[in-house]
2 protein chains.
Amino acid sequence: MDKAPTRDRILVATAELFRRQGYTGTGLKAVVAEADAPFGSLYHHFPGGKQQLAGEVIRASGAFFQALVLAAYDEQATTAESVRAVFTGAAETLEATDYADACPIATVALEVASTDEILRLVTAEVFTAWTDALTERLAGDRDRAFGILSALEGAFVLCRALCSTEPMHAAGRLAVAGIEASRRIS
Amino acid sequence: MDKAPTRDRILVATAELFRRQGYTGTGLKAVVAEADAPFGSLYHHFPGGKQQLAGEVIRASGAFFQALVLAAYDEQATTAESVRAVFTGAAETLEATDYADACPIATVALEVASTDEILRLVTAEVFTAWTDALTERLAGDRDRAFGILSALEGAFVLCRALCSTEPMHAAGRLAVAGIEASRRIS
DNA sequence: GTCTATAGAAGGATAGAC
DNA sequence: GTCTATCCTTCTATAGAC
């Protein structure tokens, strides 16, 4: 169970703590405690310190979340059903995890946006990758992709604050309505 | 210019720092430095410490932002124009402030959602007030209000990370499309 | 009530034994 | 390459002079 290499355990522990407490709220001592690793190992594997660790965590969490969302998306037959599935799945996950398991990088992204240009660029990379993947599935409609992603991200914020999945379902209906509207036009 | 009472200067300075650096990222020493106030004054006016200060700042910033958004909203004649004005205004403000002036409480809301139940409730209060005000303007359509707010909040996240207003404009178009769709139905 | 000084804990980071 | 001990800074919070 805990046989994973030290470096990986540190990455996983950091991702978990970032999601719940954010970047500045997570101390490196808490990270090594959660990862059950000695403090020195952290700087052995991540000589760049907290910033390097955060960069790798953002990239890994971003890729993981993208795969998760796209898996739910690609299971459905139509675009509308796919979009609906993503929002419904997000709502279910939120409820099942006591509103802890939302977007893994949103909190960190907001924290570093105006304070750490290097990490901001990493979050931008991740969001761009998500947008590209979704744009591809929407026949190149990048505008629609940004709209749907915005609705999803914002719903995470409201749901976590309110401890309710109502905003997620509402955002999902708005996203689907957008799909229907664009279908009528095209 | 700096004749405002100490207590108010502290509130304003904290709001500004929270928006840029978040809750855990903002130290009380930075607050008193920004407010040009002695450290002791902070605990004199806010005996509850950082938590009490944050609570008041969240409430005040929330009310201020709500008034700002509703002013833009109520200036327009139709619902669609109102919604468009809110998103366009947000995009303009983001660009004018180098992507610093977004939702004043989103970062803090995500940070405290899983770590401070008292402050989470305060952010929930604010988001509920926004939702109620928007629901009223949408003829009681709470679902649509949550959808639009989600799109706005999420667009703030993406815009700040990407240093681009593209997500805000896309989210605005999605929100307007939702309005049009609901008009057809009703 | 305004302000200084400092306590006590936690933060990130490093050195160096093994 | 694993782990301990420690450095220096910053944090929140308090005490107490004025």
Side-chain angles (χ1 to χ4, degrees), chain A residues 1-58 107-108 110-112 114-120 122, chain B residues 2-58 107-108 111-112 114-120 122:
Chain A
M1 187 79 179
D2 271 5
K3 298 293 174 57
T6 301
R7 193 177 201 281
D8 292 343
R9 289 208 317 279
I10 291 176
L11 284 172
V12 170
T14 306
E16 172 66 19
L17 291 174
F18 276 9
R19 216 177 32 201
R20 292 205 310 257
Q21 313 177 332
Y23 178 67
T24 51
T26 299
L28 296 184
K29 302 198 174 166
V31 167
V32 295
E34 176 91 5
D36 199 26
F39 195 81
S41 291
L42 199 156
Y43 278 90
H44 173 71
H45 293 291
F46 305 91
K50 194 180 189 183
Q51 193 185 45
Q52 180 193 349
L53 174 60
E56 295 201 24
V57 165
I58 293 166
T107 311
V108 177
L110 286 179
E111 284 181 284
V112 304
S114 301
T115 58
D116 189 318
E117 184 64 7
I118 290 179
L119 290 180
R120 180 194 70 76
V122 179
Chain B
D2 271 4
K3 299 293 174 60
T6 301
R7 195 176 199 281
D8 292 343
R9 289 207 318 278
I10 291 175
L11 284 172
V12 169
T14 306
E16 172 66 19
L17 291 173
F18 276 8
R19 215 175 37 199
R20 291 204 312 256
Q21 313 176 332
Y23 179 67
T24 51
T26 299
L28 296 185
K29 301 204 172 164
V31 167
V32 294
E34 176 91 7
D36 198 24
F39 194 80
S41 290
L42 199 155
Y43 278 89
H44 172 72
H45 293 291
F46 304 92
K50 195 180 189 182
Q51 194 185 45
Q52 180 193 349
L53 174 60
E56 296 201 24
V57 165
I58 293 166
T107 310
V108 177
E111 285 181 284
V112 304
S114 300
T115 58
D116 189 318
E117 184 63 8
I118 291 178
L119 290 180
R120 180 194 72 75
V122 178

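Just so we're on the same page: letters track the sequence lines, and every chain starts at 1. Since this is a predicted model, take the numbers as computed values, not measurements.
Straight-line distance from the CD atom of Gln21(B) to the C1' atom of dT10(D): 13 Å, rounded to whole Å. Separating the CG atom of Leu42(B) from the P atom of dT14(D) is a distance of 12 Å, rounded to the nearest angstrom. In this structure, Leu28(B) atom CG and dT4(C) atom P are separated by 17 Å, rounded to whole Å. Atom OH of Tyr43(A) and atom P of dG11(C) are 12 Å apart (whole Å). In this entry the distance linking NZ of Lys29(B) with P of dA7(C) reads 12 Å, nearest Å. Per the geometry, NE2 belonging to His44(A) stands 20 Å off P belonging to dG12(C), to the nearest Å. The interatomic distance linking Phe39(B) (CZ) with dT14(D) (P) rounds to 10 Å, in whole Å.
Counting non-hydrogen atoms under 4.0 angstrom, Gly40(A) reaches a base of the nucleic acid. No contact: Thr24(A) has no heavy atom under 4.0 Å from any strand.
For Ser41(B), whose side chain is taken as the heavy atoms from C-beta onward, the closest listed nucleotide among dC3(C), dT14(C), dT2(D) is dC3(C).
Taking both residues in full, the closest heavy atoms of Ala15(B) and Val57(B) are given as CA-CG1, 3.6 Å, listed atom of the first, atom of the second, then distance. When every heavy atom of Ile58(A) is checked against every heavy atom of Leu119(A), the shortest pair comes out as CD1-CD2, 4.3 Å.
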(message) If you apply the rule side-chain contact (heavy atoms from CB on, under 4.5 Å), what do you find for Leu11(B) with Phe46(B), and how did you get there?
(response) CA-CA 10 Å; Leu11(B) 284 172; Phe46(B) 304 92; 3.8 Å; yes
(request) Would you please test Leu53(B) and Ile10(B) for side-chain contact (heavy atoms from CB on, under 4.5 Å) and show each step? (result) CA-CA 9 Å; Leu53(B) 174 60; Ile10(B) 291 175; 3.9 Å; yes
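Test Gln52(B), Arg7(B), Glu56(B) against His45(B) for side-chain contact (heavy atoms from CB on, under 4.5 Å) and you get one pass: Arg7(B).
Each side-chain hydrogen bond (donor to acceptor under 3.5 Å, both in side chains) pair with one or both residues in residues 25-34 of chain A, not counting sequence neighbours, appears once here: Gln21(A)-Thr26(A).
The CZ atom of Arg19(A) sits 10.0 Å away from the OG1 atom of Thr107(A) when rounded to the nearest 0.5 Å.
The shortest distance between the side-chain N/O atoms of His45(B) and the OP1/OP2 oxygens of dT2(C) is below 4.0 Å.
DNA chain C lies under 4.0 Å from at least one heavy atom of each of the following residues of residues 46-55 of chain A: Gly49(A), Lys50(A).
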